[in-house]
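Single-structure report; data block below.
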Amino acid sequence: MTEKADSRRDFDGHASSGSLRNRFVRLLGDVIHFFSYHLILRRRTTWVTRAAGMQFRVRPTVFHPRYFISSQRFAEFIATLNLMGKQVIDVGTGAGILAIAAARAGAITVIATDINPNAALSVPENARLNGVGGRVSAVCMDLLSALNAMPSFDVIVANLPKHTQVPRDVADRGWTGGPDHRDIIPLFEQAYARLKPNGQLYVMLSSHSNLSVIENAIRRAGFGLRIAKNFPIFIDAFVLYECSR
């Protein structure tokens, strides 16, 4: 009886500790989101910044490539790829950091898409600032919905919203993708239809995302997948998937 009671106390203690940590992490995430939304995402001025060795003018409501460090980590990964002569799409481009990184890695053409009009307006200017203006263009659209469903691209990259709250407005769409990631799930079938055979889709999420929902959606679309990179940070980790057609 004593051993069982001690064992139960140990189990309850571990469970309680884990539960407290989960609550703390959720609370801290909510606090970070609150201040990020009100101080960065909803700002009314254009900010000038540098990230991953590139310079940017970041218009109001556009996902900030320096303060939200997933953008820098993803851009650094893209710099390791051989994209020479490839045709690339960057989905949810924000200020254009991944599109510009792809062009610098050798992509012959890059299309950057974003549902936020201010993001689409930012990309051509930032591409020119970084010397790749002739190879990067931008389109305002939701995911890939406005592109013909033809296998035209070699690589698609997407730094996706990582959380599952209902977004408050277009500025918040860079942070959160709706319950069960409903706003971004269509991307996987859209990407499969637009990639050439043996093409690759790279998407970044986080350990706070519902990764089982994401992985199931990737497989349903027809992709094979592997985790290409993990980027641990303070209370989180960014997870970079390579999805192969």
Side-chain angles (χ1 to χ4, degrees), residues 22-49 51 56-75 89-99 112-123 125-126 138-146 157-191 203-214 217 231 233-240:
N22 289 340
R23 287 201 294 269
F24 169 75
V25 168
R26 282 197 300 269
L27 177 61
L28 184 58
D30 289 342
V31 170
I32 292 171
H33 181 208
F34 176 86
F35 285 105
S36 296
Y37 177 74
H38 289 284
L39 299 181
I40 300 174
L41 293 170
R42 288 198 66 202
R43 69 192 182 280
R44 298 186 177 184
T45 57
T46 296
W47 292 356
V48 178
T49 192
F56 299 93
R57 289 176 56 82
V58 189
R59 292 172 183 250
T61 73
V62 174
F63 200 73
H64 199 289
R66 181 168 181 176
Y67 291 121
F68 302 125
I69 61 172
S70 62
S71 301
Q72 296 185 67
R73 297 293 173 268
F74 203 159
I89 307 180
D90 171 19
V91 181
T93 190
I97 182 169
L98 302 189
T113 79
D114 203 294
I115 197 169
N116 186 339
N118 275 350
L121 289 170
S122 296
V123 173
E125 179 179 23
N126 289 328
V139 185
C140 184
M141 71 173 81
D142 186 8
L143 304 177
L144 298 172
S145 57
V157 297
N159 189 17
L160 297 172
K162 296 165 182 57
H163 303 278
T164 55
Q165 300 96 331
V166 176
R168 306 178 194 195
D169 51 27
V170 72
D172 209 21
R173 291 285 295 267
W175 183 277
T176 185
D180 287 330
H181 301 291
R182 68 184 182 195
D183 296 339
I184 61 173
I185 290 299
L187 170 66
F188 302 108
E189 291 188 357
Q190 292 175 3
V203 294
M204 182 177 278
L205 290 120
S206 92
S207 58
H208 291 167
S209 307
N210 190 334
L211 296 180
S212 62
V213 167
I214 295 295
F231 302 92
I233 57 173
F234 173 45
I235 59 164
D236 198 354
F238 300 127
V239 183
L240 181 61

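If you read the sequence from its start, that first residue is 1, and numbering goes on from there.
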Fill in the blank from the handout: Taken in chain and number order and not counting sequence neighbours, the residues that satisfy side chain to side chain donor-acceptor pair (under 3.5 Å) with N126 are none

Find out whether [X] and [Y] are in side-chain contact, i.e. whether some heavy atom of one side chain is under 4.5 Å from a heavy atom of the other.
X	Y	answer
R43	V62	yes
F188	V203	yes
F56	R66	no
V166	T176	no
P167	D183	yes
P60	T46	yes

Nearest non-hydrogen partners of [X] and [Y], listed with the distance:
X	Y	result
I97	A51	CD1-CB, 4.1 Å
G177	P161	N-CB, 3.8 Å
T113	L143	OG1-O, 3.2 Å
A119	D114	CB-CG, 3.5 Å
G174	F63	O-CE1, 3.4 Å
N159	S70	ND2-OG, 3.0 Å

Just wondering, more than 12 heavy atoms not from [X] lying within 6.0 Å of its [atom1]?
X	atom1	answer
E125	CD	yes
R57	CZ	no
F231	CZ	yes

Looking at [atom1] of [X] and [atom2] of [Y], how far apart are the two atoms once the value is rounded to the nearest 0.5 Å?
X	Y	atom1	atom2	answer
T49	Y67	OG1	OH	6.5 Å
H163	S206	NE2	OG	5.0 Å
I185	D180	CD1	CG	8.0 Å
N116	R59	CG	CZ	10.5 Å
L187	L160	CG	CG	6.0 Å
H181	L205	NE2	CG	6.0 Å

Exercise for the section: Consider only side-chain N and O atoms of T164 and N210, and report whether a donor and an acceptor are under 3.5 Å apart. Expected result: no

Practice task
State whether a side-chain donor-acceptor pair under 3.5 Å links S145 with D142.
Solution key: no

